[in-house]
Protein chains: 2
Amino acid sequence: MPKLGMEPVRRKALVDAALRVIGDHGSLSVTMSEIARQAGVSPALAHHYFGSKEQLLIETVRFLLKQLRDDAVAALKAAHTPREKLSAVIRVSFQADQFAPQTIAAWLAFYAEAQRSEETRRFLVIYARRLRSNLLASLKALGPADAAERIAEGAAAMIDGLYIRQSLKSAPISIEASISLTEDYINSALAAFPKGQNQ
Amino acid sequence: MPKLGMEPVRRKALVDAALRVIGDHGSLSVTMSEIARQAGVSPALAHHYFGSKEQLLIETVRFLLKQLRDDAVAALKAAHTPREKLSAVIRVSFQADQFAPQTIAAWLAFYAEAQRSEETRRFLVIYARRLRSNLLASLKALGPADAAERIAEGAAAMIDGLYIRQSLKSAPISIEASISLTEDYINSALAAFPKGQNQ
DNA sequence: TTTTATTGATTGATCAGTCAATCAAAATTA
DNA sequence: TAATTTTGATTGACTGATCAATCAATAAAA
């Protein structure tokens, strides 16, 4: 069966499988065997390409992050005014695929892992910074710099909080409700500064 | 050595130890041996009193939750006006001991565990509901019911989000900044309804 | 023939959970 | 009170299962 150039194919399949297994299982305590089985290869092959479980996991967060970044870049490009860009950033955070229970479970598992794995933590810090700075860039055009900083901080926290709370699956808040809650926060926080082309 | 009445003493010691070990390790993947060692007893004794690791872990969340509830009850009793009660609830969420890295790590680990353990999930749902309803009770005295619902949802999310973001330990926000961010949100959200004895 | 892909079989380590045995306080009996 | 029995507390040693990681072997391209 060995065709050449399998490496990238298998790597992708294994990362996808890892994401699925982690999402279903709701934890990083998943076995290489299970991931490999999902990817349709032997556990030994997973080790062959990734060296260790930890490395595969790290590639998996990296992938999760890349997806989100690509979506954010695309959404920001489509938006033009600062206010539109703000809404675009919020919308991406609550996209349907990001809101899928398995995706939420995977993010949560990686958050927990970040307490132990310095490398995982680094990736999540990048995510947190990016969300904050995406918000901040637009907010600075809509209000004074110091207020913008605070609002960005608050909005990022609210987004993450809505996301986390979703993981408990009790009284789940819809995508639209989550978006409008965040938008409302920004609107009322910005209401004190009617200088920019607010709303 | 066997004195009578050791059971409650050992149970408490083991739960305390579990909390410490989980907090330090930043994960629920800790061994019974490690927990028992911290508590100064043999692993066998931990099994003797708790039956299983899962059960010990569940008692541990329960304890974490009870602490928070007791603090909230005390703080609410000391506050009198709705606005004071609101601030009390917020303050308790960001108390120093709740903000300690180990405590945050433990909460996070349990959030992840909730994806797998129905019982753990139930406890966290109780926490989430309680936070929301504590906020809601006071907010209803300060604005119309439907707005109160939304603000409670938003504030609870912001609190959880600030908490989670703290776990990444990058650009950590101080206790005071977290509190004032949440207070500001409530104030500006409430600003539209100058009916109650707002602020 | 060399290189790449792939696996089955195996190893070594780690752990949760069990169990039989010990020890000493408390209760009971003489 | 002294002797004896019972009971709770405690552990060391063991077991069975699970898993990450390794490796030697095979098969098919190039």
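What's counted below: heavy atoms across the whole structure, side chains too, no hydrogens, waters or symmetry copies. Order of the sequence lines fixes the chain letters, A, B, ..., with proteins taken first and strands second; residue numbering starts at 1 for each chain.
With hydrogens and angles disregarded, no donor-acceptor distance shorter than 3.5 Å links the side chain of B/Ser117 to the backbone of B/Glu113. Judged by distance alone, with hydrogens and angles left aside, the side-chain atoms of A/Arg121 form a donor-acceptor pair with the main-chain N or O of B/Leu168 at under 3.5 Å.
Distance CG (A/Leu28) to P (D/dC19): 14 Å, rounded to an integer number of Å. C/dT18 atom C1' lies 14 Å from atom CG of B/Leu45, rounded to whole Å. D/dA21 atom C1' lies 15 Å from atom CG of A/Leu57, rounded to whole Å. For the pair A/Arg11 CZ and C/dT6 P, the interatomic distance rounds to 13 Å; values are reported in whole Å. Atom CD in A/Glu54 sits roughly 16 Å away from atom C1' in D/dC19 (whole-Å rounding). Atom OH in B/Tyr49 sits about 18 Å away from atom P in C/dG17, given to the nearest Å. At whole-Å resolution of the value, CE in A/Met6 and C1' in C/dT3 are 15 Å apart. Spacing between atom NE2 of B/His25 and atom P of C/dC15 amounts to 8 Å, rounded to whole angstrom units.
Here A/Val9 lies out of heavy-atom contact (under 4.0 Å) with every strand. Among the protein residues, B/Phe50 comes within range of no part of the nucleic acid, since none of its heavy atoms lies under 4.0 Å from any strand. Within the nucleic acid shown, A/Thr31 comes within 4.0 Å of sugar-phosphate atoms alone, with no base atom in reach, counting heavy atoms only.
Between A/Lys12 and A/Glu59 there is no salt bridge, since none of the side-chain N atoms of the basic residue sits less than 4.0 Å from a carboxylate O of the acidic one.
No more than 12 heavy atoms of other residues, nucleotides or ligands shown are found within 6.0 angstrom of CD on B/Glu54.
Nearest nucleotide to the A/His47 side chain, out of D/dA21, D/dT10, C/dT6: D/dA21. Distance from the side chain of A/His48 is smallest for C/dT6 among the nucleotides C/dT6, D/dA21, C/dT7.
Taking side-chain N and O atoms only, B/Arg10 has no distance below 4.0 Å to OP1 or OP2 of D/dG8.
Ring pair B/Tyr163/B/Trp107 is perpendicular by interplanar angle, where above 60° counts as perpendicular and below 30° as parallel.
If you find the closest nucleotide of DNA chain D to A/Ala44 and to B/Ala44, the one lying nearer the 5' end belongs to B/Ala44.
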